[in-house]
Protein chains: 2
Amino acid sequence: MGHGQGQGQDRPDTRTRIQDAATVLFRRNGYAGTGLKQIAAEADAPFGSIYHFFPGGKQQLTEETIRTAGAAYSRMVLALLDSVADPVESVTHAFATAADDLEATGYADACPIATVALEVASTNETLRIATADVFAEWVAAGEQWFARWVPDPGTARSLAQSLIMILEGAFVLSRAARDREPLRAAGRSMAALLRSAIEEAGRPSE
Amino acid sequence: MGHGQGQGQDRPDTRTRIQDAATVLFRRNGYAGTGLKQIAAEADAPFGSIYHFFPGGKQQLTEETIRTAGAAYSRMVLALLDSVADPVESVTHAFATAADDLEATGYADACPIATVALEVASTNETLRIATADVFAEWVAAGEQWFARWVPDPGTARSLAQSLIMILEGAFVLSRAARDREPLRAAGRSMAALLRSAIEEAGRPSE
DNA sequence: GTCTATAACTGGATAGAC
DNA sequence: GTCTATCCAGTTATAGAC
């Protein structure tokens, strides 16, 4: 090993730890509910390091967190959807997994950006656009995924939007009730929606 | 006119103004993002009146706001659903109205409790339960409404949950993008879901 | 019951030592 | 680059005059 960024301990660098801590805290406590001092403590980093790595302060840290966590979440969900061959079973399995994961984390780890998205929608234009960009990427990725089984692009897009929306809404209800049932019901509805769309595509001459 | 609560001006009493202001501000800026001083200013009430009428402070004010606004929103949506005879058209019309209302308010006035619900789900047990109670009442009311057209109670309940979830998720995406399209897509999906359920109920012997 | 002043604390942001 | 001390505006909450 040379010198420089060798840490002896096997942990990420300060900048990464700050961003990871911010991701966790924003997801659980929201934007206004999370303090920079709290982030520094959770990251085990000195307070000043936040402004060293993120000169734009809380807004810059939050924007990078939204975009990074949003992209990571998209990859995670797509990998989950690709782990099952049949599309309807795949959607059902994805919602069931989300329900179990949510319960396993004490109903804390749902969507990484939804709380912040609602908080900033009317209060911070820069962050609002960041959340909008993330959702737009999710819809585009979902549209590509559904296009494998539903030829009409408009239908595929509508299915992708619906999956994201019903998942987001289910997260709200499941977290509030501390109950997996809403997420499971969401999975059943999304499966039904996809099944109908595939059937519809099977008989185009109507 | 006698004496006592005659105000000369025709405006609600102080307590009501405080609660109304809190409803508006929580909906737009969230729980942590709204200060009591801001609420007092918006209500045109002295700061001390908040603690006079709500001795439990911010938490008590928020809890009463969640429950009151939640019940009012439920009545509003049900009245909207009852304004059209055909159930599928009714659902479509309700989502279209929500989309237009959201756009008309600068994408600010969506669900009155969703932002707060996500913020408090992991941080304040009293408020988390208040939001859960409101959502449970919404599901129960929706179940009764769908039961008029779908005999199976489980299906009616699932439809009610799905409507609320897809509406909540659509609010998140529409507010983030400042675009009515997600809410419109949500309306189409919910209409499709209901149509399938009604058809299913029409041929019970399968 | 109305309203003001202030206490006690936490927020984001900055300056500057090392 | 790391870390501490501090500033000032903001928060919730309370005390007490009127």
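First the proteins, then the strands, lettered A, B, ... as listed; each starts at 1.
With respect to A/Arg148 and A/Asp82, a salt bridge is recorded, a charged nitrogen being found less than 4.0 Å from a carboxylate O. Between A/Arg67 and A/Glu137, none of the side-chain N atoms (NZ, or NE/NH1/NH2) sits under 4.0 Å from a carboxylate O, so this pair counts as no salt bridge. Taking the charged nitrogens against the carboxylate oxygens, A/Glu64 and A/Arg15 do have a contact shorter than 4.0 Å, which makes a salt bridge. With respect to the salt-bridge test (charged N to carboxylate O, under 4.0 angstrom), the residues B/Asp100 and B/Arg180 qualify.
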Return a single string for nucleotides 9-16 of chain D, one symbol per nucleotide in 5' to 3' order, where B is base contact, S is sugar-phosphate-only contact and - is none, cutoff 4.0 angstrom on heavy atoms.
--BBBB--

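The distance between atom NE2 of B/His52 and atom C1' of D/dC18, rounded to the nearest whole Å, is 15 Å. With rounding to whole Å, A/Ile50 atom CD1 is found 13 Å from D/dT4 atom P. Summarising the geometry, the separation between CZ on B/Arg15 and C1' on C/dT2 is reported as 17 Å, rounded to the nearest angstrom. As rounded to whole Å, 13 Å separates atom P of C/dA13 from atom CZ of A/Phe54. One interatomic measurement links the two molecules: CD1 of B/Ile18 to P of C/dC3, which rounds to 10 Å at whole-angstrom precision. Whole-Å rounding puts the B/Arg17 CZ to C/dG1 P distance at 15 Å.
No cation-pi contact links B/Lys58 to B/Tyr51, judged by a cut-off of 6.0 Å to the six-membered ring centre and 45° from its axis.
For A/Glu125, the salt bridge (charged side-chain N to carboxylate O under 4.0 Å, His left out) partners at least two apart in sequence or on another chain are A/Arg128.
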